[in-house]
Asks: 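Okay, here's the structure, questions in a sec.
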Amino acid sequence: MNQTLLLVEDDHNLADGLLEGLKEAGYACLYADCATKVADLWDKADLVILDRQLPEGDSLTYLDGWLAIKQVPVILLTAMVSVTDKVMGLDSGAKDYLTKPFAEEELLARIRVHLRNGDKTVSAANIIKVGDISIDLDSRTVTHNEESITLTRTEFELLVFLAKHAGRVFTRDELLDQVWGYNHYPTTRTVDTHILQLRQKLVGIEIETLRGVGYRMKAAD
């Protein structure tokens with residue numbers, strides 16, 4: 001299989017069982033029981049399984065810095081089950097969210113999905129241009145009329161996805177599945193919120209609303 005997983009979990013009993021199951025499934029495994037050990041292992045992983053509560057506090061406070069080392073799918077493991085916690089976790093850059101207790105078979109299925117989606121990612125060009133918008137995929141920067149625009153991680157990924165598929169209509173559920181990587185997101189209203197934020201930051205951006213259907217980025221004429 002030749003794919004490496006990083007498990008970040010401070011419960012050693014849970015970690016021992018998970019590592020055994022992951023290795024039996026054919027994955028190479030790395031392990032950290034605290035945030036201070038993660039940075040040295042992050043760039044060696046193809047996917048990270050991340051506990052929310054670590055000895056140093058909420059792992060989400062470190063996630064942006066870790067993802068700056070290397071962009072990999074992150075599956076959060078947590079006992080925090082509120083919708084607010086789920087939204088916060090996914091908007092922080094995680095691709096998936098699994099609450100404790102959980103079935104190992106479900107975790108393995110989600111790992112397979114995210115690794116498979118990663119293999120399908122194709123960057124045909126480093127720069128995407130849509131009208132007056134320029135998207136640099138390497139530096140993850142966006143300029144509009146030559147002005148640099150600051151986007152959140154999720155806003156950037158949503159913009160890139162719509163730009164790569166300009167002219168095609170996507171339902172809210174499809175956008176959640178493709179951009180957030182989680183097809184059972186607590187509410188599709190988060191898509192509307194992120195579309196609104198893009199329109200406010202990129203004035204004149206042509207993301208069309210098809211009432212009762214979804215959204216599409218207008219294709220170039």
Side-chain angles (χ1 to χ4, degrees), residues 8 35 38-39 42-43 47-48 50 52 57-76 78 80 82-98 114 117-118 121 123 126-166 170-209 214-218:
V8 185
V38 172
W42 192 275
D43 65 348
L47 180 144
V48 177
L50 179 63
R52 274 287 299 268
D58 191 341
S59 63
L60 295 187
T61 61
Y62 303 94
L63 186 53
D64 194 59
W66 291 335
L67 286 169
I69 298 172
K70 180 182 177 182
Q71 287 287 324
V72 295
V74 176
I75 300 177
L76 292 175
T78 179
M80 305 167 72
S82 74
V83 170
T84 299
D85 286 322
K86 293 179 180 179
V87 171
M88 183 183 301
L90 294 167
D91 279 346
S92 294
K95 285 295 185 183
D96 212 338
Y97 197 107
L98 195 58
H114 292 299
N117 286 343
T121 301
S123 180
N126 293 329
I127 303 292
I128 300 175
K129 291 188 176 293
V130 181
D132 296 325
I133 300 169
S134 179
I135 308 168
D136 189 318
L137 300 179
D138 289 335
S139 64
R140 295 179 65 85
T141 56
V142 176
T143 55
H144 184 217
N145 290 324
E146 300 184 357
E147 177 185 356
S148 179
I149 305 296
T150 300
L151 300 180
T152 67
R153 186 180 307 280
T154 307
E155 288 168 356
F156 179 84
E157 292 179 355
L158 177 59
L159 176 64
V160 169
F161 182 79
L162 288 171
K164 283 184 175 180
H165 301 88
F170 291 93
T171 67
R172 291 170 177 83
D173 286 332
E174 287 173 331
L175 290 173
L176 287 172
D177 186 34
Q178 294 295 324
V179 177
W180 280 258
Y182 187 62
N183 58 5
H184 297 293
Y185 202 79
T187 170
T188 56
R189 294 296 297 176
T190 192
V191 174
D192 300 333
T193 300
H194 282 76
I195 293 290
L196 175 62
Q197 291 167 345
L198 285 177
R199 286 170 171 163
Q200 291 173 338
K201 292 182 178 183
L202 300 167
V203 178
I205 188 173
E206 295 191 88
I207 300 178
E208 301 174 316
T209 301
Y215 296 100
R216 72 179 168 200
M217 176 85 74
K218 186 176 179 181

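Atoms considered below: every heavy atom in the structure, side chains included; atoms not considered: hydrogens, waters and symmetry mates.
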Asks: Using a 3.5 Å cut-off and no angle test, enumerate the donor-acceptor pairs between side-chain atoms of residues 143-150 and protein atoms at least two apart in sequence or in another chain.
Replies:
residue : atom : partner : partner atom : Å
H144    : NE2  : V203    : O            : 3.4

Asks: Show your reasoning for whether side-chain contact (heavy atoms from CB on, under 4.5 Å) applies to V130 and L162.
Replies: CA-CA 10 Å; V130 181; L162 288 171; over 6 Å; no
Asks: Can you tell if the side chain of D58 reaches within under 4.5 Å of the side chain of R52, non-hydrogen atoms only?
Replies: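 In short, these two side chains touch, coming nearer than 4.5 Å.
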Asks: How long is the span from the CG atom in D96 to the NE2 atom in H114, to the nearest 0.5 Å?
Replies: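 With rounding to 0.5 Å, CG (D96) is 3.5 Å from NE2 (H114).
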Asks: Run the side-chain contact (heavy atoms from CB on, under 4.5 Å) test against E206 and tell me which residues pass, sequence neighbours left out.
Replies: K218
Asks: For E208, check salt bridge (Lys or Arg N to Asp or Glu O under 4.0 Å) against everything at least two apart and list the hits.
Replies: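 E208: salt bridge (Lys or Arg N to Asp or Glu O under 4.0 Å) contacts with R216.
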Asks: Measuring from atom CD1 of I205 to atom CG of L198, what distance do you get when rounded to the nearest 0.5 angstrom?
Replies: 5.5 Å
Asks: Quick one: side-chain contact (heavy atoms from CB on, under 4.5 Å) partners of V160, sequence neighbours excluded?
Replies: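 Applying side-chain contact (heavy atoms from CB on, under 4.5 Å) to V160 gives I128, I135, L137, F156, K164.
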Asks: Check whether any side-chain heavy atom of T190 lies under 4.5 Å from a side-chain heavy atom of L90, and answer yes or no.
Replies: no
Asks: Are any of the side-chain heavy atoms of E174 and Y215 separated by less than 4.5 Å?
Replies: no
Asks: With sequence neighbours excluded, tell me which residues meet side-chain hydrogen bond (donor to acceptor under 3.5 Å, both in side chains) with S82.
Replies: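 S82: side-chain hydrogen bond (donor to acceptor under 3.5 Å, both in side chains) contacts with D85.
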Asks: Can you find a pair of side-chain heavy atoms, one from L202 and one from L159, that are under 4.5 Å apart?
Replies: yes
Asks: Is any side-chain heavy atom of Q178 closer than 4.5 Å to one of E157?
Replies: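 A side-chain contact is absent here, since even the closest heavy-atom pair is not under 4.5 Å.
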Asks: Among pairs that include at least one residue of residues 195-204, which meet side chain to side chain donor-acceptor pair (under 3.5 Å), considering only residues two or more places apart or in two chains?
Replies: E155-K201, R199-T209
Asks: With side-chain contact (heavy atoms from CB on, under 4.5 Å) as the criterion, how do R140 and Q71 come out once you've worked through the C-alpha distance, each side chain's angles and the decisive distance to 0.1 Å?
Replies: CA-CA 11 Å; R140 295 179 65 85; Q71 287 287 324; 4.3 Å; yes
Asks: Is any side-chain heavy atom of L158 closer than 4.5 Å to one of I195?
Replies: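 Yes, their side chains come closer than 4.5 Å.
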Asks: Could you walk me through whether M217 and I207 pass the side-chain contact (heavy atoms from CB on, under 4.5 Å) check?
Replies: CA-CA 4 Å; M217 176 85 74; I207 300 178; 4.1 Å; yes
Asks: Evaluate the side-chain contact (heavy atoms from CB on, under 4.5 Å) criterion for residues L50 and L76: first the C-alpha distance (whole Å), next the side-chain angles of each, then the deciding distance (0.1 Å), finally the verdict.
Replies: CA-CA 5 Å; L50 179 63; L76 292 175; 3.8 Å; yes
Asks: Distance-only check: which donor-acceptor pairs under 3.5 Å involve side-chain atoms of residues 63-70, not counting sequence neighbours?
Replies:
residue : atom : partner : partner atom : Å
D64     : OD1  : R153    : NH2          : 2.2
K70     : NZ   : D43     : O            : 3.3
K70     : NZ   : A45     : O            : 2.8

Asks: Test of understanding: with side-chain hydrogen bond (donor to acceptor under 3.5 Å, both in side chains), list the residues that count as partners of T193, not counting sequence neighbours.
Replies: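 Expected list: none.
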Asks: Using 0.5 Å steps for rounding, measure from the CG atom of D91 to the NE2 atom of H194.
Replies: 4.0 Å
